[in-house]
Amino acid sequence: MPRSTRVVGDGGSISKGKICSLKARAVLIDMEEGVVNEILQGPLRDVFDSKQLITDISGSGNNWAVGHKVFGSLYQEQILEKLRKSAEHCDCLQCFFIIHSMGGGTGSGLGTFLLKLLEDEFPEVYRFVTSVYPSGEDDVITSPYNSILAMKELNEHADCVLPIDNQSLFDIISKIDLMVNSGKLGTTIKPKSLVTSSAGAVKKRHQKPFDAMNNIVANLLLNLTSSARFEGSLNMDLNEISMNLVPFPQLHYLVSSLTPLYTLADVNIPTRRLDQMFSDAFSKDHQLIRADPKHSLYLACALMVRGNVQVSDLRRNIERLKPSLQFVSWNQEGWKTSLCSVPPVGHSHSLLALANNTCVKPTFMELKERFMRLYKKKAHLHHYLQIEGMEESSFMEAVSSLSGLIEEYNQLDATKSMPVEDFPRLSIAV
């Protein structure tokens with residue numbers, strides 16, 4: 001999704017409280033018609049340009065090779081045409097956002113094909129990827145293959161990746177469910193919200209409330225782009241995220257945490273105090289992957305705050321939290337901060353934390369273990385190898401790429417017990 005600062009239309013006409021002429025600068029791609037058709041018939045149908053959709057009928061059959069090799073070459077020119085059209089509307093093209101899933105065939109295969117396409121066509125424009133990883137209970141048996149094959153492409157062609165796992169999203173929604181059912185802190189869910197079914201009852205915990213899970217990802221992106229959309233005393237350019245948080249090319253995976261996790265349009269949760277909000281952002285309960293950054297090593301961290309918050313509030317909380325967080329010895333002051341004056345609707349403030357942290361390593365190790373269990377038996381391999389251009393060596397190259405990434409995190413973790421050198425600060429002559 002190209003991001004720019006110019007609106008589409010003549011200022012955006014408003015009818016019945018809705019902005020009618022503004023369109024999301026986005027290209028929607030799916031090799032099944034169902035999801036895109038659902039969007040076109042849903043409440044967001046006016047937000048997306050129907051000319052910027054690409055669909056097929058058959059789908060990729062949960063096969064990375066079909067998405068990457070077959071549909072990639074089949075739709076390459078059509079995708080490029082729509083991307084160029086979107087980019088031409090931008091006054092200042094900052095970056096591309098790719099939002100995809102890793103477990104299926106289209107998201108993993110065609111999604112990463114698109115990533116390489118963007119690198120070739122727009123080499124100077126940053127590529128941010130939000131990748132939704134499958135849980136261990138995923139219903140796609142071949143998801144470990146798809147995810148590992150996609151990971152190699154992410155390692156090579158993405159500038160920043162925000163990994164999110166389905167299980168964490170589901171756990172977060174389940175906790176909100178429990179809070180509501182227990183009446184804790186006066187929490188209530190509003191009728192017809194994303195965490196209720198059409199009947200108005202809270203969704204059963206064994207069902208996966210995908211709308212509510214997707215809403216959390218949407219809130220992440222809204223906070224990420226807030227500086228580009230609103231005024232602020234310390235706005236952060238999106239490209240500054242990669243510049244400040246990615247010290248080495250391959251280590252570009254950023255763990256995200258969000259507080260509050262839900263919009264007040266859906267859930268009445270009493271507002272957290274400002275200092276508590278900062279503490280929440282570093283707790284494992286607010287991470288969008290199953291991780292505990294407090295007990296792992298930070299390379300760098302960005303805090304993106306929205307609302308009536310002062311720079312002094314930021315500094316005070318960073319100083320308060322620093323003793324409990326371990327940063328690499330060569331980047332003890334590795335904080336990047338931004339302040340956007342406009343909070344999310346219904347809130348006084350919010351915080352998005354992005355951490356380049358070794359806590360992402362267990363997610364990759366678990367994925368590799370699931371991959372090896374299948375690959376050792378060569379299970380389901382023939383489905384991939386029958387696709388033209390797909391060879392068995394692709395699997396070994398992909399797992400080797402992931403092993404190399406895990407080893408880089410291992411080497412960083414090995415430095416955790418090393419003493420921090422207290423370098424003298426430069427004295428500035430006045």
Side-chain angles (χ1 to χ4, degrees), residues 1-13 18-33 35-56 67-68 71-101 106-132 150 153-154 157-162 214 217-218 220-230 237-242:
M1 178 181 73
R3 173 76 200 143
S4 78
T5 55
R6 190 177 74 182
V7 299
V8 181
D10 301 323
S13 60
K18 294 182 179 178
I19 300 174
C20 300
S21 60
L22 292 179
K23 296 290 182 184
R25 194 153 295 149
V27 179
L28 303 185
I29 304 169
D30 201 346
M31 294 297 98
E32 293 179 23
E33 293 179 305
V35 175
V36 173
N37 285 341
E38 197 174 309
I39 290 172
L40 293 178
Q41 294 164 14
L44 298 178
R45 60 185 175 275
D46 294 328
V47 173
F48 296 99
D49 186 348
S50 59
K51 295 176 184 175
Q52 291 293 87
L53 311 177
I54 298 175
T55 60
D56 201 284
H68 199 86
F71 288 130
S73 56
L74 186 62
Y75 283 95
Q76 177 173 340
E77 288 307 316
Q78 194 177 339
I79 291 171
L80 272 175
E81 179 191 344
K82 294 188 185 301
L83 284 172
R84 289 180 187 131
K85 181 181 175 184
S86 285
E88 284 166 5
H89 283 293
C90 298
D91 287 332
C92 176
L93 180 58
Q94 278 198 10
C95 67
F96 289 97
F97 285 113
I98 299 174
I99 307 165
H100 73 132
S101 63
T106 298
S108 66
L110 189 54
T112 53
F113 179 88
L114 172 60
L115 187 61
K116 178 66 166 65
L117 211 57
L118 288 170
E119 184 181 45
D120 293 340
E121 186 72 13
F122 304 91
E124 304 301 319
V125 183
Y126 280 87
R127 296 168 299 281
F128 280 75
V129 187
T130 302
S131 302
V132 181
E153 305 298 316
L154 293 178
H157 305 299
D159 290 300
C160 272
V161 180
L162 306 180
N214 288 336
V217 180
L220 159 68
L221 295 170
L222 286 172
N223 281 275
L224 189 64
T225 59
S226 60
S227 283
R229 294 181 289 118
F230 303 115
D237 189 291
L238 286 164
N239 298 335
E240 292 180 54
I241 295 172
S242 178

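Count residues from 1 along the sequence. Values reported hereafter were calculated over all heavy atoms of this structure, with side chains retained and with hydrogens, waters and symmetry mates removed. On a predicted model such as this, the values are computed, not experimentally measured, just so you know.
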Would you say the side-chain atoms of K23 pair up with the backbone N or O of D46, donor to acceptor, closer than 3.5 Å?
-> yes
List for me each residue that meets ring-ring contact (aromatic ring centres under 6.0 Å, His included) alongside F122, sequence neighbours excluded, and say none if there are none.
-> F96
For K85, which residues count as a salt bridge (charged side-chain N to carboxylate O under 4.0 Å, His left out) partner, sequence neighbours excluded?
-> none
Partner residues of S73 under the side-chain contact (heavy atoms from CB on, under 4.5 Å) criterion, sequence neighbours left out | none
Only counting residues at least two apart or in another chain, list the ones meeting side chain to side chain donor-acceptor pair (under 3.5 Å) with E81.
-> none
Pairing residues for E32 by the salt bridge (charged side-chain N to carboxylate O under 4.0 Å, His left out) criterion, not counting sequence neighbours = none
Partners meeting salt bridge (charged side-chain N to carboxylate O under 4.0 Å, His left out) with D159 (sequence neighbours left out) = R127
Sequence neighbours left out, what passes side-chain contact (heavy atoms from CB on, under 4.5 Å) with L44? Give chain and number order.
-> V47, F48
Heavy-atom nearest pair, T225 first then F97, reads CG2-CE1, 3.5 Å
With F71 via ring-ring contact (aromatic ring centres under 6.0 Å, His included) - residues at least two apart | none
Sequence neighbours excluded, which residues qualify as side chain to side chain donor-acceptor pair (under 3.5 Å) partners of S131?
-> H100
N/O donor-acceptor pair under 3.5 Å between S242 side chain and N239 backbone = no
Set of side chain to side chain donor-acceptor pair (under 3.5 Å) partners for Y126, sequence neighbours left out | none
Euclidean distance, T55 OG1 relative to I29 CD1, rounded to 0.5 Å = 10.5 Å
Who are the side chain to side chain donor-acceptor pair (under 3.5 Å) partners of E121, not counting sequence neighbours?
-> R84
For E38, salt bridge (charged side-chain N to carboxylate O under 4.0 Å, His left out) partners two or more places apart = none
